[in-house]
Amino acid sequence: MTDRRDFVKASLVASALSGLAGTAKAASPVKPVVVSTWDFGVAANQAAWSVIQGGGHALDAVEAGARVPEADMKNHSVGRAGYPDRDGHVSLDACIMDEQWRCGGVAALEHIAHPISVARRVLEKTPHVLLVGDGALQFAIEQGFPKEELLTPESEAAWREWLKVQNYQPVANSEMSTYGHVPNSKMPGDEHNHDTLGILALDGQGRLSGACTTSGMAWKLRGRVGDSPIIGAGLYVDGEIGAATSTGVGEEVIRNAGSFLVVELMRQGRSPQKACEEAVMRIVRRRPEAAKTLQVGFLALNTKGQVGAFAIQKGFVYAQRDAKATDTVVPAKSFFA
Ligand code: ASP
């Protein structure tokens, strides 16, 4: 009898809650938006958009989007064809997060072409958030991901070029950058020789998710992990507020919990644009000398579908896809003009 009364009570509560949810949804229809770092984000956005258009969840959308540059043989900063570390090993970093604070990541993962999908499995199949190195590889293999040699002939040739000079400078994607670049390279795809893919999506039901995937700094020290697989650094999603992602010198982003900072600034009332600007300024103020030669860019999206971006150096662009704008590439404003 008690059981039955409890059951009836629970059913009443559940139907009242679902009624509320239904009312909220009807009152504010959501216009989906997808944004990604860099111009190669256009193709990522297209893949994400087709998931969202079909009524899919933002989490599936960002995973589908992130897999596009991961598979691109011309993209030497993300996934399969990523440039290797100083010793010639391709090691990949990625993380993924949804609107319910569910998240997963992998760092320094070798031999697996789609780290974002391994990160998704960490989210779904384990009680953990981050797996690294050999443990991450073991998990990926157990989950059925094929183990492959990721060092392509092009990446190997570029690495051997770099070995001749070995100029180890942590400077990414600014105009004066040499780190991650092969001087005077004529390699196909070197125009895409930067950087992390960070992708943020708001789906038709107002659910936010994000994904971040990279091969990190080219020619990095073996074992070096940047911001991209670190929840709060390279990516953060708060389903009630907004989401942020970053690209550039990961050490500076980790030091300042960059993406978390952007989301917290939005929580305090900043627009995505103002939040990105303030987060960049915090890095610049704390390390003014270093900031002259390094690049960090933030990209943010809030639950209203508003977008913002800002970088230390000029040159950072992001790609946007929504119902109105098909595949726009937008230059972000920057601290140094
Ligand atoms: N943020 C990445 C890292 O530090 C690289 C980049 O976006 O340029 O690994």
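Below, all heavy atoms of this structure are taken into account, side chains as well, without hydrogens, waters or symmetry copies. What you are looking at is a predicted structure, and each value in this text was computed from that prediction instead of being measured.
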Answer whether the closest heavy-atom distance between the side chains of S209 and M97 falls below 4.5 Å. no
Determine whether P84 and S155 make a side-chain contact, defined as any pair of heavy atoms from C-beta on separated by less than 4.5 Å. yes
Considering all heavy atoms of both residues, which atom of [X] and which atom of [Y] are nearest to each other, and what is their separation?
X	Y	value
A319	G41	CB-C, 3.6 Å
I116	A211	CD1-CB, 3.6 Å
A48	V34	CB-CG1, 3.9 Å
A201	I52	CB-CD1, 3.9 Å
G65	P69	O-CD, 3.2 Å
F145	H114	CE2-O, 4.4 Å

Contacts of [X] that satisfy side chain to side chain donor-acceptor pair (under 3.5 Å) - sequence neighbours left out:
X	answer
E252	R255, R287
E142	Q138
Q306	N302

Output a table of donor-acceptor pairs, distance under 3.5 Å, between side-chain atoms of residues 225-235 and any protein atom two or more places apart or on a different chain; print 'none' if there are none.
unit_1	atom_1	unit_2	atom_2	d
D227	OD2	S246	OG	2.7
S228	OG	T196	OG1	3.4

Atom [atom1] of [X] and atom [atom2] of [Y]: how far apart are they, to the nearest 0.5 Å?
X	Y	atom1	atom2	answer
R86	W162	CZ	CH2	7.0 Å
R80	H111	CZ	NE2	13.0 Å
L265	K274	CG	NZ	12.0 Å
E240	M266	CD	CE	13.0 Å
R102	D98	CZ	CG	4.5 Å
E251	I283	CD	CD1	11.5 Å

Qualifying ring-ring contact (aromatic ring centres under 6.0 Å, His included) pairs, either residue in residues 271-312, two or more places apart: none
What ring-ring contact (aromatic ring centres under 6.0 Å, His included) pairs are there with at least one residue in residues 250-297, not counting sequence neighbours? Y236-F260
Whether [X] side chain and [Y] backbone form a donor-acceptor pair below 3.5 Å:
X	Y	result
E148	L150	no
N75	F40	no
K220	S215	yes
T214	S77	yes
N256	G258	no
H89	S91	no
D93	A108	yes
R121	Q143	yes
Q295	Q313	yes

[X]-[Y] co-clustered via ILVMFWY side chain contacts under 4.5 Å:
X	Y	value
V42	L197	yes
I96	W49	yes
I312	M217	yes
I112	L131	yes
V237	V263	yes

Applying side-chain contact (heavy atoms from CB on, under 4.5 Å) between L299 and each of V262, T247, T245, report the one that passes. T245
Residues which pass side-chain contact (heavy atoms from CB on, under 4.5 Å) with [X], listed by chain and number, not counting sequence neighbours:
X	answer
T126	V122, H128, F139
K31	none
R267	D238, I241, E264
L301	V33, V35, L200, L202, L208, V307

If you apply the rule side chain to side chain contact (heavy atoms under 4.5 Å, CB included), what do you find for F336 with K292, and how did you get there? CA-CA 8 Å; F336 290 112; K292 286 180 187 162; 4.2 Å; yes
Go through N45 and I199 one step at a time and tell me if the side chain to side chain contact (heavy atoms under 4.5 Å, CB included) criterion holds. CA-CA 8 Å; N45 287 356; I199 177 167; 3.9 Å; yes
Which residues share a salt bridge (Lys or Arg N to Asp or Glu O under 4.0 Å) with R120, sequence neighbours left out: D60, E63, E124
Mind running ring pair (Phe, Tyr, Trp, His ring centres under 6.0 Å) on Y83 and W159 for me, showing each step along the way? CA-CA 7 Å; Y83 281 156; W159 169 61; over 10 Å; no
Check the orientation of W38 and F316. Use parallel for under 30°, tilted for 30 to 60°, and perpendicular for over 60°. perpendicular
Side-chain donor-acceptor distances from residues 323-332 under 3.5 Å, at least two apart:
unit_1	atom_1	unit_2	atom_2	d
D327	OD2	Q46	NE2	2.7

